[in-house]
Structures are given as structure tokens and as C-alpha cells.
Amino acid sequence: GFCRIALETGSHLVPVFAFGENALFDQVQNPEGSLLRNIQTWMQNTLGFTLPLFHGRGIFLYDYGILPRRQELNTVVGEPIKVEKVEKPTEDQIKALNDKYTAALVKLYEDNAEKFKEKAPLTIAN
């Protein structure tokens with residue numbers, strides 16, 4: 001992923017978080033056992049990825065469409081994480097950088113959540 005590439009190229013990483021982004025689109029409901037969930041599970045198992053189905057607003061119909069909802073976004077940018085170039089990074093080096101980036105992202109979120117009235121805790125999916 002991006003940590004491996006950062007190590008191989010020596011590119012610094014900058015944690016960034018956009019408050020309000022999760023309100024731009026709604027995901028189509030796909031409960032366990034539904035046809036949509038079965039198709040997405042098959043795609044995940046067969047192709048290694050699946051496509052989420054989502055909707056926002058339309059140009060004339062504000063209830064449904066592919067445009068993002070009108071929502072205030074506040075983007076915060078953290079301090080750069082310096083990365084030394086490594087020709088062939090080990091899994092331990094990649095994990096260490098990923099952990100450092102994740103910690104910086106969580107700190108950025110926690111430092112700014114109250115300012116932007118975010119009440120939900122940040123969950124990082126691995």
C-alpha cells in the first residue's frame with residue numbers, strides 16, 4: 001500500500017482528515033442475505049474487491065442522485081511524517097510506518113473533533 005511506496009520512494013506522509021465527509025453520500029442498504037449483499041460477497045471472494053453502491057443528490061431531485069449532498073466540509077492537515085528511503089522495505093518497517101501514520105491521524109482527529117462538533121469516535125479498519 002501507500003506506506004510501502006512511501007518507504008521505497010522516500011516520500012513524506014501527511015495525515016489529512018475531512019470532517020463532514022461521511023455525510024456527503026448514503027450507502028444503499030445491503031443486509032445479510034439480500035441479493036445485493038450476495039453479489040458483493042461473490043465479487044469480494046472472486047475479484048478481491050467490491051463496488052459500494054451509494055447515492056447523494058441530483059441536480060433537480062435533491063433526494064437521490066450521484067452528486068454529493070450539500071454538506072460543510074472542514075479539512076485539517078497534520079504535520080508531515082518524515083520517511084527515509086528504503087530500497088526493499090521489510091514488513092516490520094512497513095507496519096511501523098503504518099502504525100506511526102495511524103497514530104498521527106487519530107491524534108489529528110482527536111485534536112479537532114470538538115471544534116467541528118464530531119461526536120463519533122474514529123474507527124480505523126485494518
Nearest heavy-atom approach of His12 to Lys82 is ND1-CA, 3.3 Å

Hydrophobic clustering (ILVMFWY, side-chain heavy atoms < 4.5 Å, transitive) - are Tyr64 and Phe60 grouped together? no

Look at the aromatic rings of Phe25 and Phe54 and report parallel, tilted or perpendicular, splitting at 30° and 60°. perpendicular

Over all atoms of both residues, closest heavy-atom pair of Glu8 and Glu87: CG-O, 4.0 Å

Could you go through the side chain to side chain contact (heavy atoms under 4.5 Å, CB included) check for Leu51 and Gln40 one step at a time? CA-CA 7 Å; Leu51 299 174; Gln40 287 180 322; 5.9 Å; no

Please determine whether residues Ile124 and Leu108 belong to a single hydrophobic cluster, defined as Ile, Leu, Val, Met, Phe, Trp and Tyr linked transitively by side-chain heavy-atom distances below 4.5 Å. yes

Locate the shortest heavy-atom distance separating Tyr101 from Ile81; write the atom from each residue and the value. CA-CD1, 3.7 Å

4.5 Å side-chain heavy-atom contact, Thr9 and Lys85: no

In one Ile/Leu/Val/Met/Phe/Trp/Tyr side-chain cluster, 4.5 Å: Phe2, Leu105: yes

State, yes or no, whether a side-chain contact exists between Trp42 and Thr50 at a heavy-atom distance under 4.5 Å. no

Where do Glu114 and Lys119 land on the side chain to side chain contact (heavy atoms under 4.5 Å, CB included) test, with the steps shown first? CA-CA 7 Å; Glu114 189 175 321; Lys119 293 174 180 53; over 6 Å; no

What about Leu97 and Val14, same hydrophobic cluster or not, with Ile/Leu/Val/Met/Phe/Trp/Tyr joined at side-chain heavy-atom distances under 4.5 Å? no

Please test Glu91 against Arg4 for salt bridge (Lys or Arg N to Asp or Glu O under 4.0 Å), starting from the C-alpha separation and ending with a verdict. CA-CA 9 Å; Glu91 290 303 315; Arg4 177 186 305 274; 2.9 Å; yes

Looking only at non-hydrogen atoms, find the nearest pair between Cys3 and Leu13 and report the distance. SG-CD1, 4.3 Å

Have Asn74 and Glu72 got a donor and an acceptor in their side chains that come within less than 3.5 Å? yes

Looking at every heavy atom in both Leu36 and Gln29, which two are closest together, and how far apart are they? CD2-O, 3.9 Å

Establish whether Phe19 and Leu24 are linked, either directly or via other cluster members, by ILVMFWY side-chain heavy-atom contacts under 4.5 Å. no

Could you walk me through whether Glu110 and Leu122 pass the side chain to side chain contact (heavy atoms under 4.5 Å, CB included) test, one step at a time? CA-CA 8 Å; Glu110 290 173 350; Leu122 180 63; over 6 Å; no

Kindly give the heavy-atom pair with the smallest separation between Thr75 and Ala18, and that separation in Å. OG1-CB, 3.8 Å

